[in-house]
Amino acid sequence: MRRHKHLQALDLNQRCLYSPVAVLPERIWTTKPAAIRRMPISKLPVLSLLLFSLFFQLCLPAFAHSQEKNYFDVFIGASYGKMALGSETALFAPTSRNFYGLEFNVKMNLHKNVGIILLDAGMLFGGTKIPSPLGSQFDANTSLQSYQFMFGPEVAYRNRKIQLFGHGLFGANHTALVWDLSSNNNLTLIGRTHFALGAGAGLDVNFKEHFAYRVFQADYIPTLVNGRWEKNYRVSTGIVVHF
């Protein structure tokens with residue numbers, strides 16, 4: 001009787017050991033690689049792309065997601081300047097101190113409200129003359145050419161419609177006095193390059209996603225000449241392109 005019960009228990013253990021339930025984990029393990037091998041290859045690049053996109057969005061700085069963010073601002077426009085003629089002023093008989101030209105400006109935005117002006121280049125031209133002792137009909141007609149090359153930091157307040165900004169610049173101001181002898185011959189009488197500073201402010205109005213109109217940019221540009229500061233002023237207006 002006891003031997004019969006022992007044989008029944010042994011037979012039950014063997015059935016449990018070799019039952020499908022007991023070998024289920026082994027079957028899953030053996031079939032899992034086969035299932036992976038049967039996965040369509042076309043789905044793998046899609047999965048990789050989704051994972052990379054998620055990683056890129058998590059790592060990208062928050063300010064780069066802003067619709068108002070741009071990395072570079074490029075400005076080109078017309079300029080009006082009130083320029084000093086320097087210590088040689090007594091030699092001239094300027095009919096006007098008003099000068100006109102162009103300005104080109106490139107700014108790199110480090111933040112929504114902070115940027116660096118990599119180059120602020122101004123070109124201003126005006127007319128004057130050197131009086132002749134023989135009479136006005138013998139006056140030497142001359143033109144004054146002023147070129148500003150500066151750079152420096154800029155701070156700004158901006159929203160979707162406008163941008164208010166102010167900057168401090170430093171660089172050089174090159175001034176040349178050119179004698180207009182004829183249509184093809186010009187003689188540079190005076191040429192000088194001096195250290196210059198710049199302080200200015202302006203207003204931009206956005207009218208397209210990548211375009212804005214600079215209503216004005218006003219700069220005070222003192223130039224150090226022979227130990228004295230000359231006062232120069234410049235006002236510009238034109239188009240700004242956002243990159």
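- Using a 4.5 Å heavy-atom threshold, the side chains of N70 and F243 count as separate.
- The two residues S146 and M83 have their closest heavy-atom pair at OG-CE, 3.2 Å.
- With a 6.0 Å radius and a threshold of 12 heavy atoms from other residues, nucleotides or ligands, F211 has its CZ atom at or below the threshold.
- Within the 4.5 Å cutoff, the side chain of V178 has heavy atoms near those of the Q145 side chain.
- Residues N206 and H242 meet the side-chain proximity criterion, which asks for heavy atoms closer than 4.5 Å.
- Here the closest heavy-atom approach between residue T237 and residue V215 is recorded as OG1-O, 3.3 Å.
- Nearest heavy atoms, M150 versus A172: CG-N, 4.3 Å.
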Start with the C-alpha gap between V155 and Y157, add the side-chain angles, then the distance that decides, and say whether side chain to side chain contact (heavy atoms under 4.5 Å, CB included) holds. CA-CA 7 Å; V155 294; Y157 164 78; over 6 Å; no

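- Shortest non-hydrogen contact noted between G152 and L169 is N-CD2, 3.7 Å.
- For the pair H194 (side chain) and H174 (backbone), a donor-acceptor distance under 3.5 Å is absent.
- Y100 and L124 sit in two unconnected hydrophobic clusters of ILVMFWY residues. Membership requires side-chain heavy atoms under 4.5 Å apart, directly or through other members.
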Pair Q217, F165 - check side chain to side chain contact (heavy atoms under 4.5 Å, CB included), show working. CA-CA 9 Å; Q217 177 182 325; F165 61 88; 4.2 Å; yes

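- K231 has its side chain within reach of Y220: a pair of non-hydrogen atoms, C-beta onward, lies under 4.5 Å apart.
- The distance from atom CZ of F216 to atom CG of L203, rounded to the nearest 0.5 Å, is 5.5 Å.
- Side chain to side chain, H167 and D219 meet the donor-acceptor criterion of an N or O pair below 3.5 Å.
- Atom-to-atom distance recorded for R214:CZ and I76:CD1 is 12.0 Å, nearest 0.5 angstrom.
- In this structure, the side chains of I239 and Y213 come closer than 4.5 Å at one or more pairs of heavy atoms.
- Taking the side chain as every heavy atom from C-beta outward, N98 and K82 approach each other to under 4.5 Å.
- Here OG1 of T223 is found 7.5 Å from CD of Q148. Values are rounded to the nearest 0.5 Å.
- Using a 3.5 Å distance cut-off with no hydrogens or angles, the side chains of E230 and N232 do not pair a donor with an acceptor.
- Connection of I162 to V240 is not established within any shared hydrophobic cluster, with ILVMFWY side chains joined at heavy-atom distances below 4.5 Å, either directly or through further cluster members.
- Grouping the Ile, Leu, Val, Met, Phe, Trp and Tyr side chains by contacts below 4.5 angstrom, directly or via other members, places Y71 with L110.
- In this structure, D120 pairs ionically with R234, as a charged nitrogen and a carboxylate oxygen lie closer than 4.0 Å.
- Ring centroid separation for the pair F99 and Y80 does not come in under the 6.0 Å cut-off.
- A heavy-atom distance below 4.5 Å is not found between the side chains of F151 and I116.
- The same ILVMFWY cluster, assembled from side-chain heavy atoms under 4.5 Å apart, contains both F104 and L118.
- By the rule that hydrophobic residues join a cluster once side-chain heavy atoms approach within less than 4.5 Å of another member, Y147 and L102 end up as members of one cluster.
- When every heavy atom of K107 is checked against every heavy atom of N105, the shortest pair comes out as N-OD1, 3.9 Å.
- Counting heavy atoms from C-beta outward, E154 and D73 have side chains that stay 4.5 Å or more apart.
- If you take NZ on K161 and CZ on F207, they are separated by 12.5 Å, rounding to the nearest 0.5 Å.
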